[in-house]
Novice: 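This is the structure, below, for whatever I ask next.
Numbers restart at 1 for each chain; the letters A, B, ... are given by sequence-line order, proteins then strands. Please read all numbers here as calculations on a predicted model, not as lab measurements.
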Number of protein chains: 2
Amino acid sequence: MNSAGYVVNNLARLLVEVLRKRIAPLGIVPGQFPTLLALWEKDGLTQKELLALVDIEQATLANTLTRMERDGLISRKEHPADARARTIHLTDQGQSIRDEAYRTAMQINEEVLADLSDEETEAFLGYMHRIIGRIKEVETKP
Amino acid sequence: MNSAGYVVNNLARLLVEVLRKRIAPLGIVPGQFPTLLALWEKDGLTQKELLALVDIEQATLANTLTRMERDGLISRKEHPADARARTIHLTDQGQSIRDEAYRTAMQINEEVLADLSDEETEAFLGYMHRIIGRIKEVETKP
DNA sequence: TAGCATTGCATAGCTAACTATGTAATATTA
DNA sequence: TAATATTACATAGTTAGCTATGCAATGCTA
């Protein structure tokens with residue numbers, strides 16, 4: 001009950017629920033955040049281009065995009081050169097929440113890390129990146 | 001894309017998938033692990049007693065138990081004194097995988113933490129517990 | 001250029017988390 | 001003791017992740 005995996009899982013769920021509550025007023029949910037971040041950086045990407053930026057599987061992204069379209073955050077337009085692809089565009093609504101969403105995310109980050117010093121936070125992130133690297137190594141090699 | 005929350009989420013998903021692959025041969029899935037750990041410790045608990053041990057919501061546990069019953073890991077019997085409650089019992093199959101499951105979980109824990117020293121691992125767990133504490137404080141007070 | 005392989009995206013079906021709500025049994029109280 | 005409140009659990013509906021698979025468009029090659 002105290003293994004790293006168990007604690008990481010627990011922490012991740014808590015963080016997602018905090019984010020969910022705080023961004024609910026903006027009309028978005030946590031799963032949409034990575035996609036929104038990417039589109040706020042650069043609009044009009046294809047699903048494939050987005051996929052390279054968001055660390056989830058293609059099918060998960062496709063479903064997330066469908067919900068975002070339903071929720072009026074994005075629209076899909078036909079790709080000018082490739083009929084299989086579609087370009088993905090933020091709606092006015094999707095654009096308008098950008099600053100507030102950034103602020104909220106940064107605010108949460110600060111709050112939950114408030115008990116850690118800058119050095120500890122850095123160490124914490126470093127450990128996670130090392131573990132992630134280790135997992136990817138283990139899982140691709142054998 | 002580099003906030004603590006994002007990285008924690010990513011790491012949690014990676015760890016769950018590692019666990020999923022490794023315990024698949026045992027006929028169990030990650031969501032069943034906490035419940036199994038509790039029942040291996042003490043069999044014949046009620047759902048309410050289990051709930052106190054597993055850090056998930058009651059509805060999630062009820063669904064997990066239903067899948068575990070379907071998969072032949074547990075059975076539910078009527079409670080001797082309270083007709084609302086049912087006691088939860090491991091089947092022979094649920095019992096038989098115990099040692100192998102423990103070994104697998106410990107093995108994964110070791111592997112993914114292999115790049116961290118004992119002190120670093122301790123620090124890592126400590127940071128997570130502090131963040132969890134902070135979240136619970138923030139989310140219950142205001 | 002006809003046929004096959006690849007690509008881009010969608011869909012189906014699963015687990016697992018959540019909140020909200022329903023239902024029957026038990027406990028409490030007026 | 002009859003009415004009400006509480007409890008134990010189940011169910012419905014959502015998000016969000018996964019794998020596997022389907023389908024149409026595009027690209028490649030014999």
Side-chain angles (χ1 to χ4, degrees), chain A residues 5-6 8-21 23-24 27-36 45-52 54-71 73-74 76-88 139, chain B residues 5-6 8-21 23-24 27-36 45-52 54-71 73-74 76-88 139:
Chain A
Y6 181 78
V8 169
N9 196 280
N10 235 286
L11 176 55
R13 277 161 42 218
L14 288 170
L15 285 169
V16 163
E17 291 311 315
V18 171
L19 184 61
R20 187 184 307 280
K21 269 165 204 151
I23 61 180
I28 58 176
V29 287
Q32 299 168 347
F33 223 100
T35 302
L36 286 169
L45 300 173
T46 64
Q47 186 183 117
K48 190 193 172 182
E49 289 165 335
L50 259 179
L51 190 61
V54 294
D55 265 330
I56 54 175
E57 294 303 314
Q58 177 269 323
T60 303
L61 177 56
N63 283 326
T64 296
L65 290 173
T66 298
R67 285 190 289 265
M68 291 175 77
E69 197 169 23
R70 178 203 63 190
D71 295 350
L73 297 165
I74 58 161
R76 283 143 145 171
K77 295 184 187 149
E78 54 184 40
H79 192 281
D82 188 338
R84 294 169 302 181
R86 296 202 270 168
T87 57
I88 296 155
E139 293 306 294
Chain B
Y6 181 78
V8 169
N9 194 280
N10 235 286
L11 176 54
R13 278 160 43 217
L14 287 169
L15 285 169
V16 162
E17 292 311 314
V18 171
L19 184 61
R20 187 184 307 280
K21 270 164 204 152
I23 60 180
I28 59 176
V29 288
Q32 299 168 349
F33 222 100
T35 302
L36 286 168
L45 300 172
T46 64
Q47 186 182 117
K48 189 194 173 179
E49 289 166 334
L50 259 178
L51 190 62
V54 294
D55 264 331
I56 54 176
E57 295 302 315
Q58 177 268 325
T60 302
L61 178 56
N63 283 327
T64 296
L65 290 173
T66 299
R67 285 190 289 267
M68 290 174 77
E69 197 168 24
R70 178 202 63 190
D71 295 350
L73 297 165
I74 59 162
R76 284 142 145 170
K77 294 184 187 148
E78 53 184 42
H79 192 281
D82 187 338
R84 295 168 302 179
R86 297 200 271 168
T87 56
I88 297 156
E139 294 306 296

Novice: So Leu61(B), base contact, sugar-phosphate only, or nothing? Heavy-atom distance under 4.0 Å.
Specialist: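 The residue Leu61(B) makes no contact with any strand.
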
Novice: Is Arg76(A) close enough to dG8(C) that one of its side-chain N or O atoms is under 4.0 Å from OP1 or OP2 there?
Specialist: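 Looking at the OP1 and OP2 atoms of dG8(C), neither is under 4.0 Å from any side-chain N or O of Arg76(A).
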
Novice: For DNA chain C, whose closest nucleotide is more 5', that of Arg84(B) or that of Asn9(A)?
Specialist: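 Closer to the 5' end of DNA chain C: Asn9(A).
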
Novice: Measuring to OP1 and OP2 of dA16(C), would you say a side-chain N or O of Thr64(B) lies under 4.0 angstrom away?
Specialist: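 No, no such contact exists.
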
Novice: Expressed as a whole number of angstroms, how long is the span from Lys77(B):NZ to dC9(D):P?
Specialist: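 Those two atoms, NZ and P, are 16 Å apart.
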
Novice: Would you indicate, yes or no, if dC18(D) has its OP1 or OP2 atom less than 4.0 angstrom from a side-chain nitrogen or oxygen of Arg13(B)?
Specialist: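 So the side-chain polar atoms of Arg13(B) do come within 4.0 Å of the phosphate oxygens OP1 or OP2 of dC18(D), strictly under.
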
Novice: Is the closest side-chain heavy-atom distance between Gln32(B) and Thr35(B) below 4.5 Å?
Specialist: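 Answer no - side chains too far apart.
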
Novice: When all nucleic acid strands are considered with a 4.0 Å heavy-atom cut-off, which category describes Asn63(A): base, sugar-phosphate, or nothing?
Specialist: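 The answer is base, as Asn63(A) lies within the cut-off (heavy atoms under 4.0 Å) of a base atom.
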
Novice: Kindly indicate whether the side chain of Asn9(B), heavy atoms from C-beta on, has any atom under 4.5 Å from the side chain of Arg13(B).
Specialist: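 Asn9(B) reaches Arg13(B) side chain to side chain.
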
Novice: Specify the residue among Leu65(A) and Arg20(B) whose closest nucleotide of DNA chain C lies further upstream toward the 5′ end.
Specialist: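 Nearest nucleotide further toward 5': that of Leu65(A).
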
Novice: Can you see if the side chain of Arg86(B) gets near the phosphate of dT7(D) - specifically, an N or O under 4.0 Å from OP1 or OP2?
Specialist: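 No, no such contact exists.
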
Novice: Just one of Gln58(B), Arg86(B), Arg84(B), His79(B) clears the side-chain hydrogen bond (donor to acceptor under 3.5 Å, both in side chains) bar with Gln47(B), so which one?
Specialist: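 Passing option: Gln58(B).
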
Novice: Respond yes when some side-chain nitrogen or oxygen of Arg67(B) is under 4.0 Å from OP1 or OP2 of dA16(C), and no when none is.
Specialist: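 Answer yes for this pair, as a side-chain N or O of Arg67(B) is under 4.0 Å from OP1 or OP2.
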
Novice: Is Pro30(A) close to Ile23(A) at the side-chain level, that is, under 4.5 Å between some pair of heavy atoms?
Specialist: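 Yes, side chains in contact.
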
Novice: Applying a 4.0 Å non-hydrogen cut-off, can you work out what Thr46(A) is touching in the nucleic acid: base, sugar-phosphate, or nothing?
Specialist: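 The residue Thr46(A) makes sugar-phosphate contact but no base contact.
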
Novice: Pick the closest DNA chain D nucleotide for Glu57(A) and for Ala62(B) by heavy atoms, then say which residue is nearer the 5' end.
Specialist: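 It is Ala62(B), whose closest nucleotide lies nearer the 5' terminus.
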
Novice: Does dT7(C) have OP1 or OP2 under 4.0 Å away from a side-chain N or O of Gln47(A)?
Specialist: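 Result: no.
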
Novice: Reading DNA chain D from 5' onward, which residue's closest nucleotide shows up sooner: Gln32(A) or Gln58(B)?
Specialist: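 Taking each residue's closest nucleotide, the earlier one in sequence belongs to Gln58(B).
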
